[in-house]
Amino acid sequence: MLDLKFIRENSEIVKEAIQNKGEDADLDLLFKRDEVRRQLLKEVENLKRVRNQTSEQIAQLKKDKKDASKLMAEMKEVSHRISELDSELREVEAELEKILLTVPNIPHPSVPIGAGEEDNVVIREWGELPHLDFTPRPHWELGEMLNILDLARAVKLAGSGFVMTIGRGALLERALINFMLDIHTRKHGYCEVLPPILSGRASMVSTGQLPKLEYDMYVVEKDDLFLIPTAEVPLTNLHRDEILKAEELPLYYTAFTPCFRRESGSYGKDTRGLMRVHEFNKVELVKFVKPQSSHQELESLVKDAEEILQLLGLPYRVRVLCTGDLSFAASKCYDLEVYAAGVDKYLEVSSCSNYEDFQARRANIRCRPLPKAKPEFVHTLNGSGVALPRTLIAIIENFQTERGTIIVPEVLRPYMGNLDEIGPEG
RNA sequence: GGAGAGGUGGCCGAGUUGGCUUAAGGCAGCUGCCUGCUAAGCAGUUGUCCCGUUAAAUCGGGACCCCGGGUUCGAAUCCCGGCCUCUCCGCCA
């Protein structure tokens, strides 16, 4: 969330951000509530001061064995009034908080203005598209043929929208996970975490999934727990309510987790095979950094994710999201889209965002710039490094042969007992 | 799941007959002084949030002893609910 004072003093900027992001937040109501709040606060704090002072007098009188009943009677009135005002205040503050949570982050000046996906801008491309001199098969066909995907049985287990790798497919997926984690931990300096994949409500609010996206989450109602939609949630909440030391920044974390999304609004399009699923595996990257370096850190975060695709030999493009496609909490975001030959599409495998202090304020993550200085909010960033299913699609489809086999990318072979080709079983 | 104990400041740790206790004491940190030696001694200082004030440093006030309610003129201290931690037992991977 944004700082209330900032909103008050920069209402035009905030209004513009709300409009450019296509959000809907009632600033005028916010200001009205804020006004009421400060009025109430003034009144109630005055009364509390009186009460504190008088209570001391009463204590003194009692100590001197003098009569304090008159003051006590007076204070009874005052206390009554205080509790009335306090409960009014609580109401107003709850309303204020509710509105505040609907105000989106402000897009970074470098973000292109636009309405939706079609206005995103490709900023670079890497690799050559595979030229196959036969009609490439989609991954679901190859998956069935080679017995590395078992989509029908996954549906039997959990219903439509759930998928499953099996045999050498599962091995391939596990190899990818280990490969990615190894690169990020050993080469890029991230600390590996294996976090809980259920998360409490407070964590979901901090990172901005709630309240807006509650309907997209899987909920364990009995315990008010949510299945995480991304490891961004546990990783970012790692330092919730903490004051970090400046010298320990930047902090880099990476985690492999399953991710759960109800994908409630999406029917039909691009849902075949592994393209859009309710549960998928992902390696996530999260950074906590000093405010002044966050946009630089975003660039290097993107590079860290890109390197995975480069090492795998998968062609991709990087797009910067326009204001209309930028998520609620983000200041700036790059999407990595890998090309897959079978479906002949670019598929999003990573979304790398700088949230600046938007999540940090919700999650109350601060750092002390200098030993005695006032704590300030850190900046948080995250990105996939990268999501598994669509990367699998690209590998299966781009590296297929006319014979219907799949050449295993070299970097993965050490993780797969040096298997170099997935062919018919036998 | 059953029985018991407990949750206090950066950390350790007092405070449980309600009232100068935001909070003793210790450690750590910072600032002076002293000391010539990988260290010690002496003195001072040290949290966070909010409202108001100041050009600013500041100053005034309020809140915070796990969280939320309650009793009371007044609660870290009493009562109720919740969360969490520890010990023992049971159950299970």
Side-chain angles (χ1 to χ4, degrees), chain A residues 1-9 30-101 194-206 210 220-226 234 237-249 251 258 288 357 359-378:
Chain A
M1 86 183 118
L2 296 175
D3 180 27
L4 182 53
K5 260 186 228 142
F6 177 88
I7 300 175
R8 207 187 290 144
E9 288 159 14
L30 182 79
F31 294 141
K32 271 187 210 154
R33 288 292 171 271
D34 179 43
E35 193 54 47
V36 172
R37 167 176 173 265
R38 284 187 290 165
Q39 200 54 47
L40 283 170
L41 209 53
K42 202 169 148 189
E43 198 179 335
V44 75
E45 286 187 354
N46 266 324
L47 288 177
K48 282 181 180 172
R49 194 190 63 224
V50 170
R51 182 176 69 182
N52 287 345
Q53 289 169 349
T54 312
S55 285
E56 271 181 48
Q57 288 176 29
I58 292 171
Q60 191 58 43
L61 285 173
K62 292 211 159 186
K63 221 167 154 189
D64 299 343
K65 307 275 188 220
K66 289 182 186 159
D67 179 37
S69 55
K70 185 162 168 266
L71 284 180
M72 279 163 65
E74 271 175 43
M75 282 310 101
K76 201 179 171 85
E77 297 285 314
V78 171
S79 278
H80 182 67
R81 181 66 187 143
I82 286 175
S83 64
E84 278 178 0
L85 289 171
D86 265 341
S87 72
E88 279 181 55
L89 202 55
R90 263 197 303 277
E91 256 174 63
V92 173
E93 283 182 341
E95 268 184 84
L96 202 56
E97 175 84 1
K98 210 171 154 188
I99 304 170
L100 219 41
L101 287 176
L194 202 52
I197 58 174
L198 271 75
S199 215
R201 187 170 284 274
S203 295
M204 299 292 286
V205 171
S206 305
L210 295 184
V220 182
E221 277 182 27
K222 206 171 173 185
D223 300 292
D224 202 32
L225 289 170
F226 297 80
N237 278 281
L238 233 41
H239 293 296
R240 174 148 50 93
D241 293 319
E242 291 183 19
I243 299 179
L244 304 166
K245 293 190 190 96
E247 63 267 25
E248 57 189 350
L249 296 178
L251 287 167
F288 300 85
D357 64 5
Q359 290 180 330
R361 184 172 286 106
R362 288 186 176 214
N364 195 25
I365 307 167
R366 291 171 293 174
C367 80
R368 213 180 284 283
L370 293 165
K372 286 281 169 186
K374 200 173 146 62
E376 58 182 35
F377 291 108
V378 301

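Chain naming here is simple, since letters A, B, ... match the order of the sequence lines and numbering starts at 1 in each. As the structure is a prediction and not an experimental result, all values here were calculated from the model.
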- [ ] Please examine the side chains of A:Met1 and A:Glu97, heavy atoms only from C-beta on, and report whether any two atoms are closer than 4.5 Å.
- [x]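 The answer is yes, as the side chains (C-beta and beyond) meet within the 4.5 Å cut-off.
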
Task: N or O in side chain of A:Ser79 less than 4.0 angstrom from B:G74 OP1/OP2 - done: yes

TODO: Indicate whether OP1 or OP2 belonging to B:G68 is found under 4.0 Å from a side-chain N or O atom of A:Arg90.
DONE: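 So the side-chain polar atoms of A:Arg90 never come under 4.0 Å of the phosphate oxygens OP1 or OP2 of B:G68.
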
How many whole angstroms separate atom [atom1] of [X] from atom [atom2] of [N]?
{"X": "A:Asp86", "N": "B:G68", "atom1": "CG", "atom2": "C1'", "value": "14 Å"}
{"X": "A:Glu35", "N": "B:C51", "atom1": "CD", "atom2": "C1'", "value": "12 Å"}
{"X": "A:Glu77", "N": "B:U72", "atom1": "CD", "atom2": "P", "value": "14 Å"}
{"X": "A:Glu56", "N": "B:U21", "atom1": "CD", "atom2": "C1'", "value": "12 Å"}
{"X": "A:Leu61", "N": "B:G74", "atom1": "CG", "atom2": "P", "value": "16 Å"}
{"X": "A:Lys62", "N": "B:G18", "atom1": "NZ", "atom2": "P", "value": "11 Å"}
{"X": "A:Leu71", "N": "B:U72", "atom1": "CG", "atom2": "P", "value": "18 Å"}
{"X": "A:Glu93", "N": "B:C64", "atom1": "CD", "atom2": "P", "value": "13 Å"}

Base, sugar-phosphate or nothing for [X]? Non-hydrogen atoms, less than 4.0 Å.
{"X": "A:Met75", "value": "sugar-phosphate"}
{"X": "A:Lys76", "value": "sugar-phosphate"}
{"X": "A:Lys5", "value": "sugar-phosphate"}

Return the pairing partner of [N] with a 3.5 Å limit on both distances, Watson-Crick or G-U wobble; otherwise return none.
{"N": "B:C33", "result": "B:G41"}
{"N": "B:C64", "result": "B:G47"}
{"N": "B:U77", "result": "none"}
{"N": "B:G4", "result": "B:C86"}
{"N": "B:U72", "result": "none"}
{"N": "B:A93", "result": "none"}
{"N": "B:C11", "result": "B:G26"}
{"N": "B:U54", "result": "none"}

In whole angstrom, give me the gap between the [atom1] atoms of [N] and [M].
{"N": "B:G19", "M": "B:G9", "atom1": "C1'", "answer": "22 Å"}
{"N": "B:A76", "M": "B:U21", "atom1": "C1'", "answer": "9 Å"}
{"N": "B:G7", "M": "B:A39", "atom1": "C1'", "answer": "38 Å"}
{"N": "B:C83", "M": "B:A28", "atom1": "C1'", "answer": "31 Å"}
{"N": "B:G13", "M": "B:C65", "atom1": "C1'", "answer": "13 Å"}
{"N": "B:C67", "M": "B:U8", "atom1": "P", "answer": "10 Å"}
{"N": "B:G60", "M": "B:U17", "atom1": "P", "answer": "34 Å"}
{"N": "B:C49", "M": "B:C37", "atom1": "C1'", "answer": "46 Å"}

Open item on the list: Across nucleotides 54-63 of chain B, 5' to 3', mark each nucleotide with B, S or - according to how protein heavy atoms within less than 4.0 Å reach it.
Closed with: -------BSS

In Å, rounded to the nearest 0.5 Å, how long is the span from [atom1] of [X] to [atom2] of [Y]?
{"X": "A:Ile197", "Y": "A:Phe226", "atom1": "CD1", "atom2": "CZ", "answer": "15.0 Å"}
{"X": "A:Met75", "Y": "A:Gln53", "atom1": "CE", "atom2": "CD", "answer": "10.0 Å"}
{"X": "A:Gln359", "Y": "A:Asn364", "atom1": "CD", "atom2": "CG", "answer": "13.5 Å"}

Open item on the list: Would you say CD of A:Glu77 has more than 12 non-hydrogen atoms from neighbouring residues, nucleotides or ligands within 6.0 angstrom?
Closed with: no

Give the nucleotide from the list [options] with an atom nearest to the side chain of [X].
{"X": "A:Arg368", "options": "B:G19, B:G47, B:C49", "value": "B:G47"}
{"X": "A:Arg38", "options": "B:G74, B:C51, B:U48", "value": "B:C51"}
{"X": "A:Leu41", "options": "B:U48, B:C73, B:C50", "value": "B:C50"}

Open item on the list: Can you tell whether the side chains of A:Glu35 and A:Arg38 come within less than 4.0 Å, N to carboxylate O?
Closed with: yes

- [ ] By nearest nucleotide on RNA chain B, pick out whichever of A:Lys42 and A:Pro375 is the more 5' one.
- [x]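 Going by which nucleotide is closer to the 5' end, it is A:Pro375.
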
Task: Distance-only donor-acceptor check, side chains A:Arg49 and A:Asn46, under 3.5 Å - done: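 Checked: A:Arg49/A:Asn46 side chains pair up, N/O donor to acceptor below 3.5 Å.
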
TODO: Looking only at non-hydrogen atoms, find the nearest pair between A:Val378 and A:Cys367 and report the distance.
DONE: CG1-CB, 3.6 Å

TODO: Please assess A:Val36 against A:Leu96 for the test side-chain contact (heavy atoms from CB on, under 4.5 Å), listing each intermediate value before the final yes or no.
DONE: CA-CA 10 Å; A:Val36 172; A:Leu96 202 56; over 6 Å; no

- [ ] Please identify each residue that fulfils salt bridge (charged side-chain N to carboxylate O under 4.0 Å, His left out) with A:Arg81, with sequence neighbours left out.
- [x]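 So A:Arg81 forms a salt bridge (charged side-chain N to carboxylate O under 4.0 Å, His left out) with A:Glu43, A:Glu84.
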
